[in-house]
Amino acid sequence: MKDTLKTATLTLNGQTYELPVLSPTAGPDVIDIRKLYAQAGVFTYDPGFTSTASCDSTITFIDGDKGELLHRGYPIDQLAEKSHYLEVCYLLLYGELPTAAQLEDFETRVTRHTMVHEQMQNFFRGFRRDAHPMAIIVGVVGAMSAFYHDSTDINDPWQREVASIRMIAKMPTICAWAYKYSIGQPFVYPRNDLDYASNFLRMCFAVPAEEYEVNPILARAMDRIFTLHADHEQNASTSTVRLASSSGANPFACIAAGIACLWGPAHGGANQACLEMLREIGTVDRIPEYIERAKDKNDPFRLMGFGHRVYKNFDPRAKVMKQSADEVLELLGIEDNPTLQVAKELEKQALSDPYFIEKKLFPNVDFYSGIILEAMGFPTSMFTPIFALSRTVGWISQWKEQLSDPAHKIGRPRQLYLGETRRDYVDIENR
Ligand code: CMC
């Protein structure tokens, strides 16, 4: 943050206040209102945080007008093409791309933590078989604080580091087991000779009765999905993690809070909702009907996988995802996939419709991801868990960053109160 000595002037009730303006390394300037209430006795009002920077960060930068996403300065398309998920995890966590030796050490550390406490199996078995995997995952991750007492002290940097590695390492096992439980198959233990994505695919799809060969093309596509979802600045779930953490809560509780927030259809739940919508549309001739519904103010229906709070141009992740969907379906020999046909035609028609053009609504990351995941064999209920798995490193990186700032304080927004003012209690017989 550069000290530019710029100020903004606020005039209120005849008084003038000079507010410092902070200049970022990229993005718009930020008016510092931290002392506003103490000086002027007023709050600011911004319920959806549309104009509010809730923290400073060095991890991820988004230019919504350009459609640019950078992790520690590196563009997401370069990372998706040239890097891989665990390297991106290292980058997000530690700030720089690793050397070969650093990467090997990091991969070994993650691999050595992939098993979950055996007793946690009982916890999984307590859920109904038809529970949504997200319901299981949010519960199991929260319960990790009851199993890993030696990494819950947030004031100890070593414990913070161990908790970070544990979360990244165990999420694939937890997500795969939530899936296995829901389909009544035995839990498959992690295998340390496999890479991160292959290990996850095997834990989801292997059965004890036969050998399971991981398809390297699918493993690469899986890894790319993880990479594209790894972090996304101060989105709703990340802000939830930061707010939970601001009270000093343990890391597992904070990540469980983030998972709960991600589940909603306006956020991570959109990938499931999007594929269900594409299936419901079914054939290209029905697309105009759905576009009309999305435009109708009296109909709550929205085109899932479309629109974004920050991107007012193409979501750069959606571009890579679309290309990946084409590749995966071609390699699997299912190019005439009807859902992909509907998706492509829907994108084309929406992008040439004045409503979507004026409101700058473009496909987001969730528009094509479901098509790839379905082709891999995942049911829709696993789409959001896969998002949660991928985003864990983002949540953890932001959590670590927040805790390493000695000036961090509890998050405590204020409100615009519109309720009754003080009034006296009325006895029940007089109401
Ligand atoms: N279909 C139809 N109209 C839409 C859509 C859509 N998908 N998205 C936004 N609009 C309209 C909306 O009705 C509003 O119109 P008006 O100004 O006339 O009232 C305008 O566009 C602005 O929408 P908003 O709800 O004020 O924008 P927001 O920034 O608060 O919401 C969003 C962003 C992502 C929640 C929203 O675009 C949406 O609900 N999209 C569908 C769900 C989705 O795909 N979510 C995944 C987001 S990306 C991954 C992630 O974050 O997890």
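Atoms within a ligand are numbered from 1 in the order they appear, just like the ligands themselves.
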Exercise for the section: Could you pull out every protein residue that has a heavy atom closer than 4.0 Å to ligand 1, ordered by chain and then number? Expected result: Pro265, Ala266, His267, Gly268, Ala270, Ala294, Lys297, Arg302, Leu303, Met304, Gly305, Phe306, Gly307, His308, Arg309, Tyr355, Lys359, Leu361, Asn364, Val365, Asp366, Phe387
Practice task
Taking only Lys NZ, Arg NE, NH1 and NH2, and the carboxylate oxygens of Asp or Glu, determine whether Lys322 and Glu347 approach each other closer than 4.0 Å.
Solution key: yes
Practice task
Please name all residues satisfying ring-ring contact (aromatic ring centres under 6.0 Å, His included) with Phe123, sequence neighbours left out, ordered by chain then number.
Solution key: none
Fill in the blank from the handout: Taken in chain and number order and not counting sequence neighbours, the residues that satisfy ring-ring contact (aromatic ring centres under 6.0 Å, His included) with Phe147 are His117
Practice task
Check salt bridge (Lys or Arg N to Asp or Glu O under 4.0 Å) between Arg129 and all other residues, then give those that pass, not counting sequence neighbours.
Solution key: none
Handout entry: Pairing of Arg109 and Glu161 as salt bridge, 4.0 angstrom limit
Key = yes
Exercise for the section: Using a strict 4.0 Å threshold on nitrogen-to-oxygen distance, state whether Lys295 and Asp353 make a salt bridge. Expected result: yes
